[in-house]
Student: 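Would you mind keeping the following structure in view while I ask a few things?
Every chain is numbered from 1, with letters handed out A, B, ... down the list of sequences. Hydrogens, waters and symmetry mates play no part in the numbers below; they use all other heavy atoms, side chains included. If you're wondering where the values come from, they're calculated on a predicted model, not measured in any experiment.
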Amino acid sequence: MAIGVRRIGGEKSWFCHLHHFLSTSTENAASSISDIEGEFKSLCSTGRIKEAFNAYNAEIWTDQHLFSYLIQSLIPKKSLFIAKQLHSLVITSGYYFKDKFVRNHLLNMYIKMGEIHEAIAFFNAMPMRNIMSHNILINGHVQHGDLESAINVFDEMPERNVATWNAMISGLVHFEFNENGLFLFREMHGLGFLPDEFTLGSVLRGCAGLRASYAGKQVHAYVLKYGYEFNLVVGSSLAHMYMKSSSLGEGERVIKVMPMRNVVAWNTLIAGNAQNGHSEGVLDLYNMMKMSGLRPDKITLVSVISSCAELATLFQGQQIHAEAIKAGANSAVAVLSSLISMYSKCGCLEDSMKALSDCEHLDAVLWSSMIAAYGFHGRGEEAVHLFEQMEQEEAMIRSMPLEADVVIWKTLLSACKIHRNADMATRTAEEILRLNPQDSATYVLLSNIHASAKRWKDVSKVRTTMRDRNVKKEPGLSWLEVKNRIFQFSMVGPHGAKNALGKCCKKMFNMNHKDVIDYILVSQIKSPSNCITFNLIDEEVEGLMDTAPAGCRARNRGYSGVGA
DNA sequence: GTAGGGTTAG
């Protein structure tokens, strides 16, 4: 590694002044060592490095702690040039050979600055390494996305501590090698290492990734045994594990017994409800969170916007959009892509397009959201055009997650339906079902395509496969939004009209439109927060939509999934 | 007392 104390290039170096003080400063400060350290630390941590350096240029040479603070303060500056100058000063001071803290701080500095090659060279040249040095390097490799190198360091270590195991487990789980992470946890525990809050957080994330509630329950036992149930991070990851494994109630219980909640705990609760089909409760939770004095972050907003999309509550979606603008979170890609989906599902494709145009940096999920929005509105050609545009970006295709592939295939299936191409539809549907065998919308769409081509044998084959695989079709739903309330209608088919509810609605349908609305307002059949559900047959929904008064928004979402 | 790790989302 090339290290020089002299000035390099045209950049001005304030370290150069050091040599002057090295030979001239003999003054002894009146304040105690701990006072100096405190002041120096505070200057460094607030980024006032020059000030710290100028005020304590003499003390730096007699107190190795000050070098450590100085090294840490350089991390956010992200300047390899200045980092190397400080590195050379550390060598000049003699602390590089004398002090293991200073050495590890330097290693950590290169890693945190993203300079993995400098870090590796530094590690290889280190005169002495301890467990900490190895742990820092493992984390560096993981941060750089190089799990193999991380594993090599881990395997070759002469001695390990809990943090070593934590670094390796969290690295594996981070890259979704969840099973390997859990195996490592078992090995670690077998060797007598006790899990700490860091271990438990990673292991629970691994269980969540595997939807492994049985393993998760065992980890829950460890959480209770070692007394981490009220730890905010452990509690949130434990609740998340349950909620990902479809045990919403168990997850809620974990959060509810916690004496304190932070934004992450609230987000876990809100996202858990949103993802388990409890969108109605999400807005209530969101309001409770704000009432407790916490500000929503982009993760909160994403979950709440998705719930508005699920319920097609346009007005509330717009309110949250306004809050996102106020919070300055409206340029975050995650928030924008959920806004695109929300506006699309609420029937406002133009607003989806507007949200897309607000975005400065496009990523794969964002493109997919807009492609799906076009597909959702039956605008297959625009969807394909956007897909072609996206194809231009090489990097974009490579970074595409699995979900995006499904979206693209489903968009193509939608186009097959419009163009009545049954053969291509069959091949496309096979591709989708290979990726997601439980996708009910694809079965329904494929069955309809076969039906319109009068291929009855194929229709029956699709239906049989659906039954065999126990695929549940989501009901088609329509909405009527009146004064910030949502009236939701599910189509139950000709037989459903015979039930009492159907009769009741039929009666309602024969009223004039003012009476219809009044009737709806007083007859809450199902009343989660602001949503009322009626079961109607298709014609009645159409008829009811026609009676909607001016200024009231009526939308028909059609069958859930692709197409319209 | 000067060094390293964990959780939530589109």
Student: Can you say whether a donor on the side chain of A/Ser202 sits under 3.5 Å from an acceptor on the base of B/dG6, or the other way round?
Tutor: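 No.
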Student: Taking only the side-chain heavy atoms of A/Ala334 (C-beta and beyond), determine which of B/dA3, B/dT2, B/dG10 contains the nearest atom.
Tutor: B/dG10
Student: Please work out if A/Ala163 contacts a base, only the sugar-phosphate, or nothing of the nucleic acid, heavy-atom cut-off 4.0 Å.
Tutor: base
Student: Where the side chain of A/Ser337 is concerned, which of B/dG6, B/dA9, B/dG10 is the nearest nucleotide?
Tutor: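 For A/Ser337, the side-chain atoms sit closest to B/dG10.
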Student: Please report the distance, rounded to the nearest Å, between CD in A/Glu59 and P in B/dT2.
Tutor: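 The answer, rounded to whole Å, is 16 Å.
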Student: Looking at the side chain of A/Asn267, which of B/dT8, B/dG10, B/dT2 is the nearest nucleotide?
Tutor: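 Shortest atom-to-atom distance from the side chain points to B/dT8.
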Student: Please answer whether B/dG5 and A/Phe198 are stacked, defined here as ring centres separated by less than 5.5 Å and planes angled under 30°.
Tutor: yes
Student: Just checking, is any N or O donor in the side chain of A/Tyr69 or A/His105 under 3.5 Å from an acceptor N or O on the other one?
Tutor: no
Student: Taking atom P of B/dT7 as reference, at what distance in whole Å does atom NE2 of A/His240 sit?
Tutor: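 Those two atoms, NE2 and P, are 10 Å apart.
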Student: Side chain of A/Ser338: nearest nucleotide among B/dA9, B/dG10, B/dG6?
Tutor: B/dG10
Student: Under 4.0 Å between any heavy atoms, over every strand shown, what does A/Ser236 touch: base, sugar-phosphate, or nothing? Just pick one.
Tutor: base
Student: Do the side chain of A/Asn231 and the base of B/dG6 come within less than 3.5 angstrom through a donor-acceptor pair of N or O atoms?
Tutor: yes
Student: Side chain of A/Asn104 only, please: which of B/dA3, B/dT2, B/dG6 is the nearest?
Tutor: B/dA3
Student: Take atom CG of A/Asn166 and atom P of B/dA3, then tell me their distance rounded to the nearest Å.
Tutor: 18 Å
Student: Please state whether the base of B/dA9 and the side chain of A/Asp297 form at least one donor-acceptor pair under 3.5 Å?
Tutor: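 No pair found.
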Student: Looking only at side-chain atoms of A/Val302, point me to the closest of B/dA9, B/dT2, B/dT8.
Tutor: B/dA9
Student: Under 30°, 30 to 60°, or over 60°: which ring-plane class applies to A/His117 and A/His144, parallel, tilted or perpendicular?
Tutor: perpendicular
Student: Of all residues at least two apart in sequence or in a different chain, which pass the salt bridge (Lys or Arg N to Asp or Glu O under 4.0 Å) check with A/Glu382?
Tutor: A/Arg379
Student: A/Asn178 has an atom CG; how far is it from atom P of B/dT7, in whole Å?
Tutor: 11 Å
Student: In whole angstroms, how far is the P atom of B/dG10 from the CG atom of A/Asn330?
Tutor: 19 Å
Student: Would you kindly give the CD-to-C1' distance between A/Gln72 and B/dT2, to the nearest whole Å?
Tutor: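 Checked: the CD to C1' distance equals 7 Å.
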Student: How close or far is atom C1' of B/dA9 from atom NE2 of A/His174, stated in whole angstroms?
Tutor: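 Atom-to-atom, A/His174 to B/dA9, this comes out as 14 Å.
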Student: Consider the side chain of A/Lys100, meaning its heavy atoms from C-beta on, and name the nucleotide among B/dG10, B/dT2, B/dA3 that approaches it most closely.
Tutor: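 Comparing B/dG10, B/dT2, B/dA3 against the side chain of A/Lys100, the answer is B/dA3.
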Student: Are A/Lys112 and B/dG5 close enough that a side-chain N or O sits under 4.0 Å from OP1 or OP2?
Tutor: yes
Student: Name the closest nucleotide to the A/Lys298 side chain, picking from B/dA9, B/dA3, B/dG6.
Tutor: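 Nearest to the side chain of A/Lys298 among the choices is B/dA9.
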Student: For A/Tyr374, give me all partners under side-chain hydrogen bond (donor to acceptor under 3.5 Å, both in side chains), at least two apart in sequence or on another chain.
Tutor: none
Student: Ignoring hydrogens and angles, are the base of B/dT2 and the side chain of A/Ser68 linked by a donor-acceptor pair under 3.5 Å?
Tutor: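 Check passes, donor-acceptor contact within cut-off.
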Student: Can you tell me the distance, in whole Å, between the CG atom of A/Leu238 and the C1' atom of B/dT7?
Tutor: 11 Å
Student: Please tell me if A/Gln275 has a side-chain N or O lying less than 4.0 Å from either OP1 or OP2 of B/dA9.
Tutor: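 The answer is yes; a side-chain N or O of A/Gln275 sits under 4.0 Å from OP1 or OP2.
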Student: Does B/dG5 count as syn, meaning its glycosidic angle lies within 90° of 0, or as anti?
Tutor: syn
Student: Can you check whether A/Val233's main-chain N or O pairs, donor with acceptor, with A/Asn231's side chain at less than 3.5 Å?
Tutor: yes
Student: Hey, what's the ring geometry for A/Phe185 with A/His189, parallel, tilted or perpendicular (30° and 60° as the breaks)?
Tutor: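 Correct class here is tilted.
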Student: Could you tell me whether the side chain of A/Thr313 and the main chain of A/Gln316 form a donor-acceptor pair under 3.5 Å?
Tutor: no
Student: Scan A/Val333 against the nucleic acid and name what it touches under 4.0 Å (heavy atoms): base, sugar-phosphate only, or nothing.
Tutor: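 The residue A/Val333 makes base contact.
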Student: A/His105 has a side chain; which of B/dT7, B/dG5, B/dA3 sits nearest to it?
Tutor: B/dA3
Student: With respect to the side chain of A/Met132, which nucleotide from B/dT7, B/dA3, B/dG10 is positioned closest?
Tutor: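 Comparing B/dT7, B/dA3, B/dG10 against the side chain of A/Met132, the answer is B/dA3.
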